[in-house]
Amino acid sequence: MSKEKPKTTISVIKADIGSLAGHHIVHPDCIAAASRILAEAKAKGIVVDYYVTNVGDDLQLIITHRRGVDDAKIHETAWNAFQEAARVSKELGLYAAGQDLLSDAFSGNVRGLGPGVAEMEFVERPAEPIVVFMADKTEPGAFNLPMFKIFADPFNTAGLIIDPRLHGGFKFEIYDVFEGKAVIMNAPEEIYDILALIGTPSRYIIKRIYRKSDDEIAAVVSTERLSLIAGRYVGKDDPVAVVRAQSGFPAVGEVLEPFAFPHLVAGWMRGSHHGPLMPVGLRHAKCTRFDGPPRVVALGFQIKNARLVGPADLFDDPAFDETRRLAQTIADYIRRHGPFMPHRLGPEEMEYTTLPSVLEKLKDRFVEVGPKAVAPKVKTTMLTHEKKEETTE
Ligand code: F6R
Ligand code: MG
Ligand code: MG
């Protein structure tokens, strides 16, 4: 009689519960406090294994267990770990203590309460390598570009062309976080349509990726946007992601390769600026320069019988030195724009703005000087051989 193999769940749950000296780094005592709660949960058999760390001012809980995604007990454990870390944070008088814990009452699931969550459940392969990405001072859509390159760009991922197990392509589940809707799209067939959406990373966010040939889960991204949860902006929703690698999935090197390009993401100072995403090892995961630039850490683990073996600190490697140098150059360049767009985000994306109060103050001083223009709408530009046609709709 064949026994069904048990499933393993990995849950990466993070929250900003306060920082030492501003918004740049978690205090070690907060990490210790969260670890204590997880150690208790491990002793009780609720979680199988855990790893606690921080990336910038975000406390990161990497948890493995057998309880599936969205499990009330696991979410409660994570919530208690954040509460305990926030208590220590308050005791030490840390800055913005308890910032992401938006509610005092836990009701079965941390989603919607402030913490960011990326979870997936699978039957372990004989060897199960995964990469956990954790970013600070940016938003979940920051993973759109690298995820697309990993799972849909053959110039990044050689396996899409030369490995028969990847050659069928991947399915992308994309969220519209404004409308609260999701759509599943196929790569490579629909890559132009996929890019038409995910090129607007503040709204259309890659949530999950599946291998098309057998629907195996390949990747998951946290998509919480604190601004939308609270109805107002209460902090950047620094994202996390989990990617499965090797043997039928992209190789670890293919998974890391997109981060060799420090692409521009939204976040940085006051959650209101574009800046380069700098890949760093854990020891450099602290956002000091203009509260940034935005950082991303990649930790590699093997999962065996739901135990976490590792981590390997994957960006702590001279192979990413030139990326970091380029990110510094880009940071220097874009900083010189000061308060001007496109360094500063557009008004609808800013975490802070004085614009309404400035406009209010000036409302009697603005004088009529000409005809009113209709506010610009979405522009579609059609290029043909003969002419360039411009229409608005
Ligand atoms: C961005 C971030 C920081 C703060 C900035 C001002 O996500 O956390 O850049 O926005 O340090 O912080 P407050 O308003 O707390 O003084
Ligand atoms: Mg913060
Ligand atoms: Mg943060």
Side-chain angles (χ1 to χ4, degrees), residues 12-27 30-31 34 52-62 78 82 85-86 88-90 92-102 110 113-118 132-143 201-202 221-230 232-241 264-280 282 284-299 331 334-335 338-339 343-347 349-354 357:
V12 182
I13 309 183
K14 48 84 33 184
D16 180 340
I17 48 80
S19 167
L20 178 64
H23 284 280
H24 91 283
I25 198 162
V26 176
H27 192 285
C30 297
I31 297 182
V52 182
T53 188
N54 76 291
V55 170
D57 61 2
D58 293 291
L59 179 58
Q60 307 281 350
L61 314 178
I62 302 169
F82 291 135
V88 171
S89 187
K90 281 173 194 154
L92 294 174
L94 298 187
Y95 194 66
Q99 158 179 307
D100 283 355
L101 308 183
L102 302 179
V110 294
L113 291 179
V117 190
V132 176
F133 289 103
M134 296 162 284
D136 189 30
K137 301 294 184 271
T138 187
E139 61 181 12
F143 286 126
S202 56
V221 177
S222 66
T223 47
E224 283 66 29
R225 300 202 72 220
L226 294 181
S227 49
L228 305 178
I229 292 167
R232 69 189 167 86
Y233 216 111
V234 289
K236 264 285 169 232
D237 14 24
D238 307 309
V240 290
L264 291 174
V265 298
W268 208 349
M269 174 56 80
R270 298 178 185 278
S272 304
H273 294 82
H274 284 120
L277 186 63
M278 183 187 274
V280 291
L282 277 172
H284 291 134
K286 48 183 180 177
C287 290
T288 50
R289 181 177 175 194
F290 198 56
D291 288 358
R295 312 280 161 122
V296 60
V297 164
L299 295 186
I334 202 161
R335 275 298 302 125
H343 179 32
R344 202 213 70 200
L345 300 187
E349 278 287 309
M350 289 162 67
E351 184 172 338
Y352 297 73
T353 180
T354 49
S357 67

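Each ligand, and each atom within it, is numbered from 1 in the order the structure gives. Worth saying up front: this structure is predicted, and the values here are computed from it rather than measured. Hydrogens, waters and symmetry mates play no part in the numbers below; they use all other heavy atoms, side chains included.
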Mode of R270 contact toward ligand 1 - side chain, backbone, both, neither (heavy atoms, under 4.0 Å): both
Under 4.0 Å to a heavy atom of M269 - the qualifying atoms of ligand 1, by number: 9 (O)
Angle subtended at the Mg ion (ligand 2) by D57 OD2 and D16 OD2, rounded to 10 degrees: 90°
Side-chain ion pair, K14 and D58, N-O less than 4.0 Å: yes
Atoms of ligand 1 close to W268 [distance to a heavy atom under 4.0 angstrom, numbered from 1]: 1 (C), 9 (O)
Derivation and outcome, side chain to side chain contact (heavy atoms under 4.5 Å, CB included), residues M134 and V296: CA-CA 6 Å; M134 296 162 284; V296 60; over 6 Å; no
Derivation and outcome, side chain to side chain contact (heavy atoms under 4.5 Å, CB included), residues V265 and E139: CA-CA 8 Å; V265 298; E139 61 181 12; over 6 Å; no
Contact check: Y95 vs ligand 1, nitrogen or oxygen atoms, below 3.5 angstrom: yes
Which N, O or S atom of D58 lies nearest to the Mg ion (ligand 3), by name: OD2
Plane angle bin for H343 and H273 - parallel if under 30°, tilted between 30 and 60°, otherwise perpendicular: tilted
N, O or S atom of D100 closer to the Mg ion (ligand 2) than 2.8 Å: no
Residues K286, D57: salt bridge by 4.0 Å N-O rule: no
Point-to-point distance, once rounded to the nearest 0.5 Å, from CG of D16 to CG of L101: 9.0 Å
Which atom of D238 approaches the Mg ion (ligand 3) most closely (N/O/S): OD2
Ligand 1 contacted by A96 (non-hydrogen, < 4.0 Å): no
N, O or S atom within D136 nearest to the Mg ion (ligand 3), by name: OD1
Mutual orientation of the aromatic rings belonging to F133 and F143 [parallel < 30°, tilted 30-60°, perpendicular > 60°]: tilted
